[in-house]
Amino acid sequence: MPSDAVPSDDAAADFGAAVAEVVRMIPPGHVMTYGDVAAALGSRASRAVGKVMAHEGADLPWWRVVRAGGHPPLHHEARALEHYRAEGTPLVQGTAAWRLDMRRARWSPSTDADDPF
DNA sequence: ATTATGACGGTTC
DNA sequence: AGAACCGCCATAA
């Protein structure tokens with residue numbers, strides 16, 4: 001049965017696993033934009049990243065992945081806010097809304113550079 | 001191959 | 001600040 005393998009599952013898991021890996025290495029108190037995550041994979045598929053999160057993000061700290069500009073993931077801002085306050089993510093106050101302080105919250109995988117290659 | 005969609009990004013009005 | 005439009009990439013049908 002090993003000769004069968006699972007091509008379709010492998011192909012999708014490649015991008016999905018890459019996204020999951022990057023998201024999992026984001027430290028608390030910091031966030032990455034969908035575009036940054038995609039850029040870390042060498043792609044610009046910010047949308048594909050979001051789709052992966054929606055599908056496999058159930059096991060990932062999805063709240064550490066936000067949109068550009070400092071806005072949290074759509075349909076999840078309330079839940080994300082709880083996590084940000086709990087982890088000490090720098091937030092900025094608005095008149096009727098809040099946003100992340102990208103200047104401090106934005107983080108990059110190269111910052112911690114655990115990757116030898 | 002083609003079409004439509006998506007937890008997006010950026011620009012423009 | 002909010003809405004509209006286009007661009008970009010990956011996935012599903």
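In what follows, chains carry the letters A, B, and so on, assigned in the order in which the sequence lines appear, proteins first and then strands, with residues in each chain numbered from 1.
The residue A54(A) sits close to a base: some heavy atom pair falls under 4.0 Å.
Atom CG in D36(A) sits roughly 9 Å away from atom P in dG10(B) (whole-Å rounding). What separates CH2 of W98(A) from P of dA1(C) is a distance of 15 Å, to the nearest Å. In this structure, the NE2 atom of H83(A) is 14 Å from the C1' atom of dA7(B), given to the nearest Å. For W62(A) and dA7(B), the CH2 to P distance is 13 Å, given to the nearest whole Å. Rounded to a whole Å, the CG atom of L100(A) is 19 Å from the P atom of dA7(B).
The phosphate of dC9(C) has neither OP1 nor OP2 within less than 4.0 Å of any side-chain N or O from S46(A).
Each of E77(A), R79(A), H83(A) was scored for a side-chain contact (heavy atoms from CB on, under 4.5 Å) with W63(A), with one residue passing: H83(A).
Nearest heavy atom pair, residue G70(A) against residue M102(A), reads CA-SD, 3.5 Å.
The pair R106(A)-D101(A) fails the salt-bridge criterion, with no side-chain N (NZ, NE, NH1 or NH2) lying under 4.0 Å from an Asp/Glu carboxylate O.
Take the nearest nucleotide of DNA chain B for A45(A) and for G35(A): the residue whose nucleotide is more 5' is A45(A).
Annotation: salt bridge (charged side-chain N to carboxylate O under 4.0 Å, His left out) contacts involving residues 83-92 of chain A, sequence neighbours excluded, comprise R64(A)-E87(A).
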